Amino acid sequence: MLDLKFLRNNIDLVKTALANRGMKADLEDFELQEKERRRILPEMEELKHRRNTVSDQIAGMKKKGENAEDLISEMKTVSATIREFEQRLAKTEDVIHSILLEIPNIPDESTPVGRDESDNPVLKTVGDIPEFDFTPKAHWDIGEGLGILDFERAAKITGARFPLYFGAGAAMERALINFMLDIHTTRHGYTETLPPFMVNRKTMTGTGQLPKFEEDLFKLENWDYFLIPTAEVPVTNIFQDEIIDEDKLPIYYTAFTPCFRSEAGSHGKDTRGLIRQHQFNKVELVKFVKPDNSYEELEMLLNNAETILRELGLPYQVITLCTGDIGFSAAKTYDIEVWMPGQNAYREISSCSNFTDFQARRANIRFKRKGKKGTEPVHTLNGSGLAVGRTFAAILENYQQADGSVIVPEALRPFMRTDRIEP
RNA sequence: GGAGAGGUGGCCGAGCGGCUGAAGGCCCCGCUCUCGAAAAGCGGUAUCCUGCCAAAAGCGGGAUCGUGGGUUCGAAUCCCACCCUCUCCGCCA
């Protein structure tokens, strides 16, 4: 959410930002409603002021045993008028608030202007792409060949786009989760958390999934609860409506959770394999920081996510998302894309973003500077560290052997009972 | 599911129709005392919106005692609904 005063004073800047994102919002209506609000407000407050002073007066008179009937009857009509003003004000404030909730964050100056994903510049490429003296297979063929993945039975149990792991496959998924959490907690200074996997509407609004993107979420019947699409949602909202002490910042949290996404509008995309599932596992990194250095923190966060890929020996590239491709709540985003030999392409495996004060304002997460008056919204950041299912797929494809077996990356071996997965 | 208790400032906790943005305490920040510290003493210390102001500071106004309604000239205090927490009983991983 943008700051009301900021928006009021920078309408043109916001218009440009929206145009760069290829979107528009009803800023004309906003200006109209905001003008209306500021017309009603002083009138109403003046009446309330009168009511407050006269009520005191009545109290004084009653104490002395004087008759206050005239004042009381006057205040009856004043109160009725106030009630009318309040209703009108509530209406315009509702409209303003709902417009505000639908305006995306302003991209940072360093976010390149562009139309869509084809305009995302590559920032760097890391690691050597493996060479094969046979035609590398896709991970779903490898996994099914090894008997560690079974999409057909998963579809029987639930439906399309659900994973089912067996044996060494299930063990490797678990090993990856432990491996990632261990690195982030022991080497990168994150505190492990294990949050709820369902959240309420307010929490979903806090991070920006609602109100605009409800169709992307799974919602429970008879409950106003949603399955989380990422741990970002429950973890960022840990400090919802709180004022954090300045010396507690920065706060780093990591969390393993399953993620649930309806993938509305992705029909026909990535229909096979682990890339696009309704349920997948992810280790997430979340930061609460002071505004002063949030972009430095983003670089560190990106590096924390990259570490996992480097440790696993997986080749990848980092791209900067352009204004046309960046998410609703983000001001700047790096995507990490892992090399998938079976598809001869880089595929997204992590997304690291600085949300600046956008989520903090929605979720009302503030901090207080020592010796200074008032509060400020914190800056929130998050990134996948990493998407576990996609990491699993990347390992199968990059470490596959001619005989159909898969070598377990060295860093992962302490977490597994084997150094090779064989049929 | 049944019975009861309760939600007040950063924290603890009093208030139960007007003089209460809210006693008292703690935390924190200044100052005094001290070579310095501790202790003690004094003072300050909520948030949001809004007017004056280029802005900051400051001053003025409004709002906020779980949330939303209601009663009243006036509500933290009374009434209704909802949410949440705790205790006991039942059920259950």
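All figures in this text were calculated on a predicted structure; none of them were measured in a lab. Chain identifiers are assigned alphabetically (A, B, ...) following the order of the sequence lines, protein sequences preceding nucleic acid strands; residue numbering begins at 1 within each chain.
For the P atom pair drawn from B:rA23 and B:rC16, the interatomic distance equals 15 Å after rounding to whole Å. Annotation: B:rA56 and B:rC65 have their C1' atoms spaced 32 Å apart (nearest Å). Using C1' as the reference atom, B:rU71 and B:rC80 are 11 Å apart when rounded to the nearest Å. With both ends at atom P, the span from B:rC86 to B:rG44 equals 39 Å, rounded to whole Å. Taking atom C1' in both B:rU72 and B:rU77, one finds a spacing of 13 Å when rounded to whole Å. B:rG70 and B:rC52 are spaced 37 Å apart, taking the C1' atom of each and rounding to whole Å. Rounded to whole Å, the P atom of B:rG68 lies 36 Å from the corresponding atom of B:rA54. To the nearest whole angstrom, the two C1' atoms, one in B:rG69 and one in B:rG10, are 31 Å apart.
For the OP1/OP2 pair of B:rU72 and a distance below 4.0 Å, the side-chain nitrogens and oxygens of A:Ser79 include no atom meeting the criterion. Between B:rG17 and A:Lys62, no contact under 4.0 Å exists linking OP1 or OP2 to a side-chain N or O. Contact annotation: A:Lys5 reaches the phosphate of B:rU50 (side-chain N/O to OP1 or OP2, under 4.0 Å). At least one side-chain nitrogen or oxygen of A:Arg83 sits closer than 4.0 Å to the OP1 or OP2 atom of B:rU71. Phosphate contact (OP1/OP2 of B:rC48, side-chain N/O of A:Arg366, threshold under 4.0 Å): present.
Within a 6.0 Å sphere centred on CD of A:Glu215, other residues, nucleotides and ligands contribute more than 12 heavy atoms. For CZ of A:Arg153, the number of neighbouring non-hydrogen atoms (other residues, nucleotides, ligands) closer than 6.0 Å is 12 at most. Other residues, nucleotides and ligands contribute only 12 or fewer heavy atoms inside 6.0 Å of the CE atom of A:Met198. For NZ of A:Lys212, the number of neighbouring non-hydrogen atoms (other residues, nucleotides, ligands) closer than 6.0 Å is greater than 12. More than 12 heavy atoms of other residues, nucleotides or ligands lie within 6.0 Å of CD in A:Glu422, so this atom counts as buried by the packing criterion.
Nearest nucleotide to the side chain of A:Arg38, out of B:rA46, B:rG62, B:rG51: B:rG51. Comparing B:rG10, B:rG62, B:rC73 by their nearest atom to the side chain of A:Glu45 picks out B:rG62. Each of B:rA63, B:rC73, B:rU47 was ranked by its minimum atom distance to the side chain of A:Lys76; first place goes to B:rC73. Considering only side-chain atoms of A:Lys48, the nucleotide from B:rC84, B:rA63, B:rC73 that sits closest is B:rA63. Distances from the side chain of A:Thr375 to the nucleotides B:rG18, B:rG51, B:rU47 place B:rU47 closest.
In terms of modelled atom types and a separation under 3.5 Å, the side chain of A:Glu337 and the main chain of A:Glu348 share no donor-acceptor contact. Under the 3.5 Å distance criterion, the side-chain polar atoms of A:Arg362 are matched with a main-chain donor or acceptor of A:Thr205.
Contact annotation for A:Asn52: backbone-only contact, meaning every heavy-atom pair under 4.0 Å involves sugar-phosphate atoms and none involves a base. Contact annotation for A:Ile58: base contact, defined as any heavy-atom pair under 4.0 Å involving a base atom. Note on A:Gly60: nothing from the nucleic acid sits closer than 4.0 angstrom, heavy atoms only. If you check every strand for non-hydrogen atoms under 4.0 Å, A:Arg37 touches sugar and phosphate atoms only.
Map A:Ala59 and A:Arg8 each onto its nearest nucleotide of RNA chain B; the residue landing nearer the 5' end is A:Ala59.
Rounded to an integer number of Å, the gap from CD1 of A:Ile82 to P of B:rG74 is 8 Å. At whole-Å resolution of the value, CD in A:Glu246 and P in B:rC28 are 16 Å apart. The interatomic distance linking A:His49 (NE2) with B:rG60 (P) rounds to 12 Å, in whole Å. Rounded to a whole Å, the NZ atom of A:Lys368 is 11 Å from the C1' atom of B:rC29. Between the NZ atom of A:Lys63 and the C1' atom of B:rC19 there is a distance of 6 Å, rounded to whole Å. Between A:His97 atom NE2 and B:rC48 atom C1' the separation is 13 Å, expressed in whole Å. Following rounding to the nearest Å, A:Asp241 (CG) and B:rC83 (C1') show an atom-to-atom distance of 14 Å. In this structure, A:Arg362 atom CZ and B:rC48 atom C1' are separated by 19 Å, rounded to whole Å.
Among residue pairs with one or both ends in residues 243-275 of chain A, those qualifying as ring-ring contact (aromatic ring centres under 6.0 Å, His included) are A:Tyr190-A:Tyr252; sequence neighbours excluded.
The six-membered or imidazole ring of A:Phe226 lies away from that of A:Phe218, with a centre-to-centre distance of 6.0 Å or more.
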Open item on the list: Let me check I have this right: for RNA chain B, each base becomes ., (, ), [, ] or |, based on Watson-Crick or G-U pairs with both distances under 3.5 Å. What is the full string?
Closed with: ((((((((.[[[..)..(.....]]].(((((.......))))).(((((((.....))))))).[[[[[..)....]]]]])))))))....

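Remark: A:Phe179 engages A:Phe415 in a ring-ring contact (aromatic ring centres under 6.0 Å, His included) (not counting sequence neighbours).
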